[in-house]
Amino acid sequence: MLDQKLIRENPLSVEENLSLRGKVYNIAHINELTVKKKEIDIEISSLQSDSKKLSKLIGQEISTSQNHDSPELKNLKKKGNEYRIKISELEQKQRILDKEVENEIYNLPNFPSKDAPIGKDENDNVQIKTWGDHLKKENIKSHVEIGESLSLFDSIKSTKISKSRFITLIGNGARLERALINFMLDIHTKNGYLELMPPALVNSESLTGSGQLPKFSNESFKCSNDDLWLSPTAEVPLTAFNKNEIIDPKQLPVKYVAYSPCFRREAGSYGRDTKGLIRLHQFNKVELYWLCDPSKSLEAHQQITSDAESILKKLELPYRLVDICTGDLGFSSCRTFDLEVWLPSSKCYREISSCSNCWDFQARRSSIRTKIDKKNQFIHTLNGSGLAIGRTMAAILENGQQPDGSVKLPEALVPYFGSNFIKTA
RNA sequence: GGAGAGGUGGCUGAGUGGUCGAAAGCGAACGACUCGAAAUCGUUUAAUAGGAAACUAUUCGUGGGUUCGAAUCCCACCCUCUCCGCCA
């Protein structure tokens, strides 16, 4: 959420900043509303001040005089009643305005960082570096083919259980998923992250706090009888975990790592990545999350990204680091580095982690603050996958495939999985 | 699901119509004492919005209502706890 004061006092700069995202945002209208709201605020506040003084006078009058029905007293009460009617009329107006402003302001995305490359869409993203060697072999199979031939998962049978875009992991597939989760959690907790296992169902307020609502209600699954949604990412419960708190500056930065299942409707992606582990309604993810001093989020962003990167290196997976351009930035983010893993079957890089600095955007929506120089200030939040498990598995299968149909696993994973190879049963 | 209790500042907790934004305690900050620390004593210490500031307003789960005046009374909703039932 953006600062209302900023919108009121400097609407042009707000508009200009947001326009870097490549869309037109009509701040003038919101500005008009916030100014009007302010005027009414002032009017109400002065009426309330008068009415309060009058009430105190009546109170004193009653306690000092014997006659509780004197004409003077009746007169004062009548005057008080007039105040009340006036105030409640104004409050009604104010309530309507409040709703309108809220509605508009919660739909505004975060400002892009000045450091983010300016661009229109994903084609303008900037590759910062690549790491690792690409697999150069003939007859490369996709992870779907490998998974099917080694009986690691079954998506056809899963449609019986749910519908398309759900998967059932089987045998070594399930074992590999479990190994990856444990492996990643172990690495990150050793690096100073506190492990959390939050609820998978989150309420509307939590989704609003991290930025998924109100704008993206189409992208999450909602429970019909409760104000609860299936969490699309652990970022949601992790943001909400410290909602409405003032965090002791000595405790910063707070670093969380959480494994969680993630649920996304993937509306509008029909026909894309329909097979395999790449795009599912339900997937597992290990998420990294920081709450940090607002003056330190730039370094924190580097750190969280390199913490995510370290997993790819340990798993010997070739990847590249991409600086997301202003037009492709997520709603809550001011700067995002994507980690994209190499998938040899499709000869391209696929997003496996998205490391974002949300600045004070989520902290403002969720009211998470810290004391700096005796003043309460919004902290900065950062999040990054460390990593998406399903896509990691896909990458391991494709990059570790052997001519005999087996898959060689990265050394680091062997203690977790229990052997070096996945072979046909 | 049934019955009951309750939701008050960073925390605990008092407050049932009138200077109550709210006692007391804890915690925290500062000061004194000390070579230093602990202990002790003293002072300070809620948030939000507006304002340069003085100050003004709002906030006692949320939303309505009664009243000149509501933490306190009325209505609705949400949440938490305890017991019972069901259940991993």
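Everything numeric in this text was worked out from a predicted model, so none of it was measured. As a basis for the values below, the full set of heavy atoms in this structure was taken, side chains included, without hydrogen atoms, waters or symmetry mates. Lettering of chains follows the sequences in order, A, B, ..., and the numbering in each one begins at 1.
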Span of RNA chain B, from the first to the last nucleotide whose atoms fall under 4.0 Å of chain A heavy atoms: B/G18 to B/G69
Contiguous pairing runs of three or more, Watson-Crick or G-U under 3.5 Å, that involve RNA chain B: B:1-7 with B:78-84, B:10-12 with B:24-26, B:27-32 with B:40-45, B:46-50 with B:55-59, B:61-65 with B:73-77
P atoms of B/U59 and B/G6, separation to the nearest Å: 24 Å
Separation of the C1' atoms in B/A5 and B/G9, to the nearest angstrom: 23 Å
With a non-hydrogen cut-off below 4.0 angstrom, is [X] in contact with a base, only sugar-phosphate, or nothing?
X: A/D227; answer: nothing
X: A/K78; answer: nothing
X: A/I58; answer: base
X: A/K79; answer: nothing
X: A/S45; answer: sugar-phosphate
X: A/G59; answer: base

Shortest non-hydrogen contact between A/T233 and A/R264, atoms and distance: CB-NH2, 3.6 Å
Contacts of A/R279 that satisfy salt bridge (charged side-chain N to carboxylate O under 4.0 Å, His left out) - sequence neighbours left out: A/E266, A/D273
Positive for salt bridge (Lys or Arg N to Asp or Glu O under 4.0 Å) with A/D98, one of A/K93, A/K38, A/K37: A/K37
Modelled atom types, side-chain donor and acceptor of A/E235 and A/S210, under 3.5 Å: no
A/Y256 and A/Y289 aromatic ring geometry - parallel, tilted or perpendicular at 30°/60° bounds: parallel
Plane angle bin for A/H301 and A/F337 - parallel if under 30°, tilted between 30 and 60°, otherwise perpendicular: parallel
Check: A/P232 main-chain N/O paired with A/Q212 side-chain donor or acceptor under 3.5 Å: no
Pair A/F183 + A/Y416: ring centers closer than 6.0 Å: yes
